[in-house]
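Below: the structure, in structure tokens.
Below, each value reflects all heavy atoms present in this structure, side chains not excepted, and no hydrogens, waters or symmetry copies.
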Amino acid sequence: MDTEKRGKRLNLILTIGCLLMVGIAVATVASSNSRRNRTAQNDVSVTATPGITAELTGVVVQTDIQKEKLVLRQLDSNLETSLYYDSSSQMTNKFGESITGDQITTGEIIRAEYRRGEAMIVTAGVPQDVWEYDEVDSFTFQSEDSMMKLAGKKYQYSNNTYIASQNTDAQSGDRVIELTELSDSDRLTVRGVGYKVYSIIRTAGHGYIRLANYEDFAKGMVEVGSSIILPITDNMLLTVPEGVHRVTLCKGKAVATKSVTVQADKEVTADFSDYVSVVENVGMITFQIEPDGADLTINGTTVDYSQPVALNYGEYRINVSMNGYDTYTGTLDVEDPAKEVHIDLIEAEASVEGSATATPAAGATASPTSSASTSSQTTDSSRTVTKTVDSDHTITVTAPRGAEVYLDNVYKGLAPCKFTKVIGSQTITLSQSGYVTKSYSVDILDDDEDVTLKFADLVAESKG
């Protein structure tokens, strides 16, 4: 009997032990599953919480100092991302020096590492493969190929290239502009990677000088500094870089000079009503050029030499060219009140003879007979623009109606107006009382066709 009871107790103990072991196993499995579930849940949530970072390389297209925010446009796309910074954000400039977020400007190309959940910048700096050109004042665009030439190299731009005009007022921000709004009078900062241009910032723009009360100098010449020389025409409006300029009118021995300050996108009047005759240091240069119809440029500006050209004493760069002939390039020293300069172009060389002395260019001959002289020199090819008159075709500007139309600073009429076609890169300027004057760079192709141009309406001047 005792043996039977002991057996039953042992079986009961074994049964309870098995049940306990099963319970422990079940609890262990459940605990393990629970841990796996919590771990999986944590893995999912971690990807959306601060602490996990991402990288972005792009052009800074907007800065907001108050909100401590930068807006980056991804390279080769228009996708923009807003990122924020604070005192913990580590930032460096193109020299690797530490900076703060408010020192980053639009147009810069940066690589930013940021925390995804809050879009907070951890580190930001300029990648090593980014190039930058500052103070660019010599550049050309080839719109048909979307190419930009500067520093003797060609680069590709696109619709994604960020183009803006720098605003000196930090609160206003830069103004996005069109490529055609850039003038060869502007200064630029250009940035890119490889052969691609990703940002163009106009750091110094252009304005306009309108001549007034200059009747005594009709058919004379106007000079702005040493960069612009033009025949004086009716209703003149000149496109010039912003800054202080010396404007000189010359006709015969008569000279008048004004100093004017030009602001970007603004028009200023140079009034010569107080003109007093000054008869000194002006030379009347008569050009005798063969063959007839050759183009003459002085300091890069095409000049009508059918009448004597009045030039202040000094040194000038001249260029004579015509299709089918070698181009002649030299310097002209004006030192006397009246001189003649003879230049003959031939198929293989250019020559200077008669009343001019010269240091011959390659393949050129010269005979010294005067203190007015020409000598060979190398020109800046990036600033030389070849233009050809197509007398069989026309350019018509249809809009904005009523605006004064200027082609390379020469008045052509009120829109709609029509004038002889000129082939090449040039500037169309539009002006109208009560509106902001506007310039556009255009490329006129040699395609044996008439050209019709239509521009956007001018913006009314601010009354404030």
Using atom types as modelled and distance alone, determine if a side-chain donor or acceptor of Arg73 lies under 3.5 Å from a backbone N or O of Asn160. yes

Is there a donor-acceptor contact under 3.5 Å from the side chain of Thr203 to the main chain of Arg187? yes

When every non-hydrogen atom of Tyr305 is compared with those of Leu296, the smallest separation belongs to CD2-CB, 3.6 Å

Does some side-chain heavy atom of Tyr328 sit less than 4.5 Å from a side-chain heavy atom of Ile289? no

Pairwise side-chain contact, Ile201 with Thr105, heavy-atom cut-off 4.5 Å (strictly under): no

Could you check if a side-chain atom of Gln62 sits within less than 4.5 angstrom of a side-chain atom of Lys69, using non-hydrogen atoms only? yes

Plane angle bin for Trp131 and Tyr155 - parallel if under 30°, tilted between 30 and 60°, otherwise perpendicular: tilted

Whether Tyr214 side chain and Thr233 backbone form a donor-acceptor pair below 3.5 Å: yes

If only side-chain N and O atoms count, and only distance matters, is there a donor-acceptor pair under 3.5 Å linking Ser439 with Ser183? no

If the condition is salt bridge (Lys or Arg N to Asp or Glu O under 4.0 Å), which residues does Asp447 pass it with, not counting sequence neighbours? Lys421

Between Lys251 and Lys219 (side chain of the first, backbone of the second, donor and acceptor by atom type, cut-off under 3.5 Å), is there such a pair? no

So does Gln90 have more than 12 non-hydrogen atoms from other groups sitting under 6.0 Å from CD? no

Check the surroundings of atom NZ in Lys266: do more than 12 heavy atoms from other residues, nucleotides or ligands lie under 6.0 Å from it? no

For Thr106, all residues meeting side-chain hydrogen bond (donor to acceptor under 3.5 Å, both in side chains), sequence neighbours excluded: Asp174

Should the pair Lys154-Asp145 be classified as a salt bridge under the 4.0 Å nitrogen-to-oxygen rule? no

Out of curiosity, Tyr157 OH to Met148 CE, how far, rounded to the nearest 0.5 Å? 9.5 Å

Under a 3.5 Å cutoff, is there a donor and acceptor pairing between the side chains of Thr248 and Arg246? yes

Distance only, no hydrogens: is a donor on one side chain within 3.5 Å (strictly under) of an acceptor on the other, for Asp450 and His393? no

Does Val268 reach the side chain of Gln263, with side-chain heavy atoms less than 4.5 Å apart? no

Short side-chain donor-acceptor distance under 3.5 Å, Asp76 and Tyr198: yes

Tyr435, OH: over 12 other non-hydrogen atoms inside 6.0 angstrom: no

Does atom CD of Glu178 have more than 12 heavy-atom neighbours from other groups under 6.0 Å away? no

Does atom CG of Asn323 have more than 12 heavy-atom neighbours, drawn from other residues, nucleotides or ligands, at distances under 6.0 Å? no

Atom CZ of Arg175: over 12 foreign heavy atoms under 6.0 Å: yes

Is it true that Arg210 and Thr437 share a donor-acceptor pair across their side chains at a distance under 3.5 Å? no

Thr301 and Asn409: side chain to side chain contact (heavy atoms under 4.5 Å, CB included), yes or no, with the steps? CA-CA 11 Å; Thr301 300; Asn409 299 313; over 6 Å; no

Given 3.5 Å as the limit, does a donor-acceptor pair link the side chain of Ser89 with the main chain of Ile121, or not? yes

Thr331 and Ile318: side chain to side chain contact (heavy atoms under 4.5 Å, CB included), yes or no, with the steps? CA-CA 6 Å; Thr331 56; Ile318 66 170; over 6 Å; no

Are Asp184 and Ser441 side-chain neighbours, meaning at least one heavy-atom pair lies under 4.5 Å? no

Where the side chain of Gln426 meets the backbone of Gly424, is there a donor-acceptor pair that is under 3.5 Å apart? yes

Heavy-atom closest contact (Asp344 atom, Glu290 atom, distance): OD1-CB, 3.3 Å

Sidechain-backbone polar pair: Glu267 side chain, Tyr208 backbone, donor-acceptor under 3.5 Å: no

Side chain to side chain, Ile177 and Leu182, heavy atoms closer than 4.5 Å: yes

Thr398 and Leu453, any side-chain heavy atoms less than 4.5 Å apart: no

For a side chain to side chain contact (heavy atoms under 4.5 Å, CB included) with Phe141, tell me which candidate from Thr180, Leu150, Ile200 qualifies. Ile200

All heavy atoms of Ala399 vs all of Lys454, minimum pair found to be CB-CG, 3.7 Å

Counting only heavy atoms not in Gln288, do more than 12 fall under 6.0 Å of its CD? yes

For Glu223 and Ala310, the nearest pair of non-hydrogen atoms, with its separation, is OE2-O, 4.4 Å

Approximate separation, where rounding is to 0.5 Å, of Thr123 OG1 and Glu113 CD: 4.5 Å

Side chain to side chain contact (heavy atoms under 4.5 Å, CB included) between Phe287 and Val320, worked out: CA-CA 11 Å; Phe287 290 92; Val320 181; over 6 Å; no

How far does OG1 of Thr394 sit from CZ of Phe419, to the nearest 0.5 angstrom? 9.0 Å

Quick test of your reading: applying ring pair (Phe, Tyr, Trp, His ring centres under 6.0 Å), list the pairs with at least one residue in residues 61-103, sequence neighbours left out, ordered by first then second residue. none

Calculate, to the nearest 0.5 Å, the distance between atoms CG and CZ belonging to Asn319 and Arg317 respectively. 8.5 Å

Considering all heavy atoms of both residues, which atom of Tyr133 and which atom of Ala151 are nearest to each other, and what is their separation? CE2-CB, 3.7 Å

Donor on one side chain, acceptor on other, Thr269 and Asp271, under 3.5 Å: no

Measuring from Gln166:CD to Leu188:CG, what's the distance to the nearest 0.5 Å? 11.0 Å

Can you establish whether the number of heavy atoms outside Asp86 located under 6.0 Å from its atom CG is more than 12? yes

If you define the side chain from C-beta out and look only at heavy atoms, does anything of Thr92 sit under 4.5 Å from Val126? no

Got a second to check how far Asp408's CG is from Thr302's OG1, nearest 0.5 Å? 8.0 Å

Report the C-alpha distance between Leu249 and Leu211 in whole Å, list the side-chain angles of each, state the deciding distance to 0.1 Å, and finish with yes or no for side chain to side chain contact (heavy atoms under 4.5 Å, CB included). CA-CA 10 Å; Leu249 305 185; Leu211 302 185; 4.0 Å; yes

